[in-house]
**Student:** 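My questions all concern the structure below.
Reckoned from all heavy atoms, side chains included, excluding hydrogens, waters and symmetry mates. These numbers were taken from a predicted model, which means no experiment stands behind them.
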Amino acid sequence: MTLKYDVIIIGGGHAGCEAACAAANMGAKTLLITMDMNKIAQMSCNPAVGGIAKGQIVREIDALGGQMAHVTDATAIQFRMLNVGKGPAVWSPRAQCDRGKFIWEWRRTLDETDNLDIWQDQVEELLTETVPDSCPVRTRAIGVKTIWGAEIKARCVVLTAGTFLNGLMHIGRKMVKGGRIAEPAAEHLTESITRHGIHSARMKTGTPVRIDKRTVDFSKMRQQDGEQRPYRFSYYEGSHTTHESQMSHRPHEPHGSRPHSPLPQLPCWECYTNPEVHEALRAGLADSPLYNGQIQSIGPRYCPSIETKLVTFPDREQHLLFLEPEGVDTNEMYLNGFSSSLPMDVQITALHHISGLEHAKIYRPGYAIEYDFFDPTQLNHTLESKIIDGLFMAGQVNGTTGYEEAAGQGLVAGINAALKCDGTRTFIMHRDESYIGVLIDDLVTKGVDEPYRMFTSRAEYRILLRQDDADARLTERSYNIGLAKKDRYDWWMQKKIAIEEIEEFCRSFPIKAKDINPALEQLGTTPLQFGVKLEDLIARPQLNFNNLMQIVPRFHEFIDRIPNRKEEIAEAAEIRIKYKGYIERERQVAEKMHRLENIRIKGHFDYSTIQSLSTECRQKLTAINPETLAQASRIPGVSPSDINVLLVLMGR
């Protein structure tokens, strides 16, 4: 049996689903191959989407025309905006989701996508052919072969296999092959790729115990509710009918703009470990795969197992844990912060020393999993392999961790696979354009020595990459390549025009000192000595749209005329006005770096012959072969003096 497609996606996780929808929605005939159609986009670990920096990625996926935000909004059982006490550059949306409904909402999305087929099978071999007289790429991906003997041909293949490549699970000294609990590992596929010269290595991740909520004493825990006024991830779906007559958000708080998930909103619960828990866990360290030599690979530094916390922080008497619901129709709960690969009896004994969990029953223990990944410096910024033409990689196979990081990569890989089939162009996002751009540039430029997780601190242009302006940054770009459709583009343009009208009003509307000083004194800010424009008042820390609307009736009337999405549009305008100076300064810095981005150096040099470069620099530049001088400047081991040498050699 031989089938033919434009794009084949290997793996139905978060990266694979976004890649499949993107390629298909751009017109490519697409096939998604997954082991189990009933576990599409399975949330293998925490059933939550978003968080610090990750929430920004989800907003970017949505702005580009991806699906994760819509699926999350439809299945959320708790929503919170994190970091609202800080500046808007680090506000981050996060939603707890119903795990089962999340899967079926994704399945519905895939089923309703034109140009997309699903095939339930397991890929065991990448099919390639030699490209004669082609330099530097001499091998081309032409399809895949499955364990059931199906050979499926395609012009591009996107690998999004997650933790399944030669996956090996650990609970104490017991080891079982698998890509996820109760699911088989994908064997032989790694070997069919590495034989072409692509380097692979091993990483490790883990997940906590799952608990039966009927056996939990919640009276001993602290309840953590979501936002009283619900938010959404998507700025598009379901927003056409909204008309807010009042803006009642607290000062400097992000607005909730539309009705949220139709599901009941459930609380999470805080609890803590204690010395008795720690004593029980330490007693089992000799049988911990992390410390007895059984696991050699590196785990995520920023999501350590509970045994790693004990070893790293031996003096800590307690660690905060979060008991989180898995859904509205299940008793299963997730103990966030208690990831472990210790023996089952050790995990259960320690668990029963936690206040509120003394009589807890579990559905399954925590476990660790080792899996193959590929060195991402062997990829271009399109996520296409530098070694095998037509092979794209996305997600944990590139050394990342997290659903959002995987989904963002999958979207970019799917877009570029479709564009490659069309033979027209590529789609690359820069570091000042998106967190996804930062993520991919870090991967292909610096590589990874541990599972990569996105943080706001990784982005040098955080003020430009806010969660509130993803549509401003990316929707028009996506529309120009054919992914975002006209209705989404028009929806953004309406918002853009409204924001600009508010900015112009605030820029030109005069404020007289005698009219407003009494109100300013009541609000605790300095009275005016002479008249100013409204935007000058908005820039003050003590003032915002909400309180200025109360004391400037004309401003209230102007905002009230916005026909829909009033809060969302006002929030965007307020941030742009209040932080105008910071935004402009950061944009100037980014534009300076773009000058280096425009100096293309790939193919211009044989770095090994340039003796004026340091030895380490020559080695790194040869291995990564950067596209531009800006990318070269970000490679560890390449110094500013090395960049100056290249500038001179380029005649600059």
**Student:** Is it true that T628 and R600 share a donor-acceptor pair across their side chains at a distance under 3.5 Å?
**Tutor:** no
**Student:** Might you work through the side chain to side chain contact (heavy atoms under 4.5 Å, CB included) test for C303 and R453, ending with a clear yes or no?
**Tutor:** CA-CA 9 Å; C303 188; R453 180 179 179 181; 4.3 Å; yes
**Student:** When you compare the side chains of S200 and D372, does any donor N or O come within less than 3.5 Å of an acceptor on the partner?
**Tutor:** no
**Student:** Tell me yes or no: between the side chains of N398 and T400, is some donor less than 3.5 Å from an acceptor?
**Tutor:** no
**Student:** I'd like to know if the side chain of E404 and the backbone of G50 have a donor-acceptor N/O pair within less than 3.5 Å.
**Tutor:** yes
**Student:** When you measure from the side chain of Q409 to the backbone of E405, do you find a donor-acceptor pair of N or O atoms at a distance under 3.5 Å?
**Tutor:** yes
**Student:** Test your reading of the model: is there a side-chain donor-acceptor pair from S192 to the backbone of L126, 3.5 Å cut-off?
**Tutor:** yes
**Student:** Looking at L383, is its backbone amide N or carbonyl O close enough to the side chain of N416 to form a donor-acceptor pair, meaning the two atoms are under 3.5 Å apart?
**Tutor:** no
**Student:** For K620 and P636, indicate whether the former's side chain and the latter's backbone hold a donor-acceptor pair under 3.5 Å.
**Tutor:** yes
**Student:** What residues, two or more places apart in sequence or in another chain, satisfy side-chain contact (heavy atoms from CB on, under 4.5 Å) together with A632?
**Tutor:** I601, L621, P626, I643
**Student:** Any donor-acceptor pair under 3.5 Å linking the side chain of T190 with the backbone of H188?
**Tutor:** no
**Student:** Between R473 and E433 (side chain of the first, backbone of the second, donor and acceptor by atom type, cut-off under 3.5 Å), is there such a pair?
**Tutor:** yes
**Student:** Any side-chain donor-acceptor pair under 3.5 Å between T146 and Q122?
**Tutor:** no
**Student:** Return yes if some donor-acceptor pair links the side-chain N/O of D471 with the main-chain N/O of A63 below 3.5 Å, else return no.
**Tutor:** no
**Student:** Within 45° of the six-membered ring axis of Y235 and under 6.0 Å from that ring's centre, is NZ or CZ of K495 located there?
**Tutor:** yes
**Student:** Output yes when a side-chain donor or acceptor of E616 lies under 3.5 Å from a complementary backbone atom of V638, and no otherwise.
**Tutor:** no
**Student:** Please confirm whether R488 makes a cation-pi placement over Y479, using NZ or CZ under 6.0 Å from the six-membered ring centre and within 45° of the ring normal.
**Tutor:** no
**Student:** With a 3.5 Å cut-off and no angle check, do the side chains of Q67 and T109 form a donor-acceptor pair?
**Tutor:** no
**Student:** When you check the side-chain N and O atoms of S608 and D606, is any donor under 3.5 Å from an acceptor?
**Tutor:** yes
**Student:** Quick one: do the S639 and D642 side chains pair a donor with an acceptor below 3.5 Å?
**Tutor:** yes
**Student:** Scan side-chain atoms only and decide if Q396 and T401 contain a donor-acceptor pair under the 3.5 Å cut-off.
**Tutor:** no
**Student:** Cationic tip of R458 within the cone over Y452's six-membered ring, i.e. under 6.0 Å and within 45° of the normal?
**Tutor:** yes
**Student:** Is a side-chain donor or acceptor of D432 paired with a backbone partner of Y461 at a separation under 3.5 angstrom?
**Tutor:** no
